[in-house]
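The structure under discussion appears below in the form of structure tokens.
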Amino acid sequence: MSVLIVIPARYASTRYPGKPLVELTGASGEKRTLIERSWRAACAVQGADRVVVATDDDRIRQTAEGFGAEVVMTSESCANGTERCAEAHAALGGGYEVVVNLQGDAPLTPHWFIEDLVKGLRAAPDMGLATPVLQCDGATLNSLLADRAAGRVGGTTAVFGRDSSALYFSKEVIPFCAVRFDDDAATPVFHHVGVYAYRPDALASYPSWPTGPLEQLEGLEQLRFLENGRKILCVEVEARGREFWELNNPEDVVRIEAMMAKMGEN
């Protein structure tokens with residue numbers, strides 16, 4: 001199956017304007033923008049036929065082309081990354097059997113997360129899209145809870161059924177846990193990794209659906225699929241000793257840089 005990876009990136013983020021161009025310092029002291037680090041993560045994926053950055057902003061285009069990325073210009077009317085991926089796939093003439101949405105704020109996404117995601121979608125022909133979930137240890141769960149206690153919108157959590165189809169996604173920490181866990185203990189909470197793999201028909205249908213109340217309240221694009229009766233396959237992935245976090249708020253820069261230093265990632 002041919003695989004296209006699209007990295008949607010917009011400058012006018014509500015919570016963090018200009019986020020794709022924020023510089024992150026790696027373990028060696030080298031600075032690279034968030035969008036370049038996300039592009040490098042995509043390029044490490046085995047089995048990907050093409051990687052493009054999709055944006056509506058010339059500053060992001062110039063930066064991305066400067067480090068060697070292929071860029072597809074999309075319209076300012078795209079409400080989220082999924083709509084931008086749909087537009088980019090169409091602009092490229094379509095034809096890819098799987099389109100992966102690697103959001104530009106996830107530079108620590110290991111290549112095997114995406115490889116396992118594509119493999120999971122291939123094995124589930126009745127599913128139109130799939131997304132990875134990562135079981136939280138106590139340290140990650142405590143970080144999520146600390147963000148919420150401080151009034152910050154941090155990572156997203158997911159709950160899913162026995163058939164691995166998603167029941168719900170939320171920026172709140174779900175399910176509710178009355179107990180606290182040691183940092184290295186497994187927990188019943190799953191961190192949603194902001195990557196999606198779509199079949200072309202599911203992706204093409206998405207922009208035609210109206211924004212539903214749950215998507216609007218949570219600000220989570222994947223809820224539009226659930227609100228329109230489409231199943232989402234949750235593919236459990238393994239950290240393999242790596243730390244994972246997304247850049248949601250300015251405070252996350254220091255956190256991600258510390259993770260890169262700990263893992264020796266330049």
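Side chains are part of it too, since the values below use all heavy atoms of this structure and drop only hydrogens, waters and symmetry mates.
Here the two rings, on Tyr198 and Tyr206, have centers that are 6.0 Å apart or farther.
Under the ring-ring contact (aromatic ring centres under 6.0 Å, His included) criterion, Tyr11 pairs with no residue at all, not counting sequence neighbours. For the salt bridge (Lys or Arg N to Asp or Glu O under 4.0 Å) test, no residue two or more places apart in sequence or in another chain qualifies with Glu251.
Of the options Arg50, Arg199, His89, a side-chain hydrogen bond (donor to acceptor under 3.5 Å, both in side chains) to Tyr96 is made by Arg50 and by none of the others. For the side-chain hydrogen bond (donor to acceptor under 3.5 Å, both in side chains) criterion with Thr25, the lone passing option out of Arg32, Glu30, Lys31 is Lys31.
Looking at every heavy atom in both residues, Ala9 comes nearest to Arg84 through N-CD, 4.2 Å. Pairing each heavy atom of Ala197 with each of Leu121, the nearest pair is O-CD2, 3.6 Å. Nearest heavy-atom pair, His191 versus Thr156, reported as atom, atom and distance to 0.1 Å: CD2-O, 3.3 Å. When every heavy atom of Pro175 is checked against every heavy atom of Val159, the shortest pair comes out as CD-CG1, 3.8 Å.
Classified by interplanar angle (parallel below 30°, tilted 30° to 60°, perpendicular above 60°), the ring pair Phe113/Phe244 is tilted.
A donor-acceptor pair under 3.5 Å links the side-chain atoms of Glu83 to the main chain of Ala79, judged by distance alone. At distances below 3.5 Å, at least one donor-acceptor pair connects side-chain atoms of Glu227 with backbone N or O atoms of Leu214. The backbone N or O of Ile60 sits less than 3.5 Å from a side-chain atom of Asp57, completing a donor-acceptor pair. A donor-acceptor contact shorter than 3.5 Å links the side chain of Thr157 to the backbone of Glu172. Distance alone, capped at 3.5 Å, places no donor-acceptor pair between the Thr33 side chain and the Val22 backbone. Of the possible polar contacts, one joining the Thr131 side chain to the Val195 backbone as a donor-acceptor pair under 3.5 Å is found.
Distance check: Thr187 OG1 to Asp182 CG gives 12.0 Å after rounding to the nearest 0.5 Å. Put simply, OG on Ser28 and CG on Asn266 are 3.5 Å apart, with the number rounded to the nearest 0.5 Å. Rounding to the nearest 0.5 angstrom, the gap separating the CG atom in Leu24 from the CG atom in Leu247 is 6.0 Å. Atom CG of Asp252 and atom CH2 of Trp245 lie 7.0 Å apart (nearest 0.5 Å). Of the inter-residue distances, the one linking Gln222 atom CD with Thr82 atom OG1 reads 7.5 Å to the nearest 0.5 angstrom. Taking OG1 of Thr211 as the start and CG of Leu223 as the end, the distance is 11.0 Å to the nearest 0.5 Å.
Hydrophobic clustering (ILVMFWY, side-chain heavy atoms < 4.5 Å, transitive): Tyr16 and Leu34 are in one cluster. Hydrophobic clustering keeps Val100 apart from Phe225 (ILVMFWY residues linked when any side-chain heavy atoms are closer than 4.5 Å, directly or through intermediates). Tracing side-chain contacts under 4.5 Å through hydrophobic residues (I, L, V, M, F, W, Y), one reaches Val72 starting from Val6; they form part of the same cluster. The hydrophobic cluster containing Trp39 also contains Ile5, counting ILVMFWY residues as joined when their side-chain heavy atoms lie under 4.5 angstrom apart, directly or transitively. Criterion: ILVMFWY side-chain heavy atoms under 4.5 Å apart, direct or through other members. Under it, Leu217 and Val153 are not part of a common hydrophobic cluster.
A salt bridge between Arg242 and Glu265 is present, with a side-chain N of the basic residue lying under 4.0 Å from a carboxylate O of the acidic one. Using a cutoff of 4.0 Å between basic side-chain nitrogens and carboxylate oxygens, Glu243 and Arg255 are not scored as salt-bridged. Between Arg61 and Glu65 there is a salt bridge, with a side-chain nitrogen of the basic residue lying less than 4.0 Å from a carboxylate oxygen of the acidic one.
Residues Asp163 and Ser165 bring a donor and an acceptor atom of their side chains to less than 3.5 Å of each other.
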Kindly indicate, with the supporting measurements, whether the criterion side-chain contact (heavy atoms from CB on, under 4.5 Å) is fulfilled by Tyr196 and Gln103.
CA-CA 9 Å; Tyr196 305 93; Gln103 300 189 67; 3.4 Å; yes
Residue pair Ser170, Glu218: steps toward the side-chain hydrogen bond (donor to acceptor under 3.5 Å, both in side chains) verdict
CA-CA 7 Å; Ser170 182; Glu218 293 269 12; 2.8 Å; yes
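At least one side-chain heavy atom of Glu36 sits less than 4.5 Å from a side-chain heavy atom of Arg40.
In this structure, Glu238 places its CD atom where only 12 or fewer heavy-atom neighbours from other residues, nucleotides or ligands lie under 6.0 Å away. Counting non-hydrogen atoms of other residues, nucleotides and ligands closer than 6.0 Å to NZ of Lys171 gives a total above 12.
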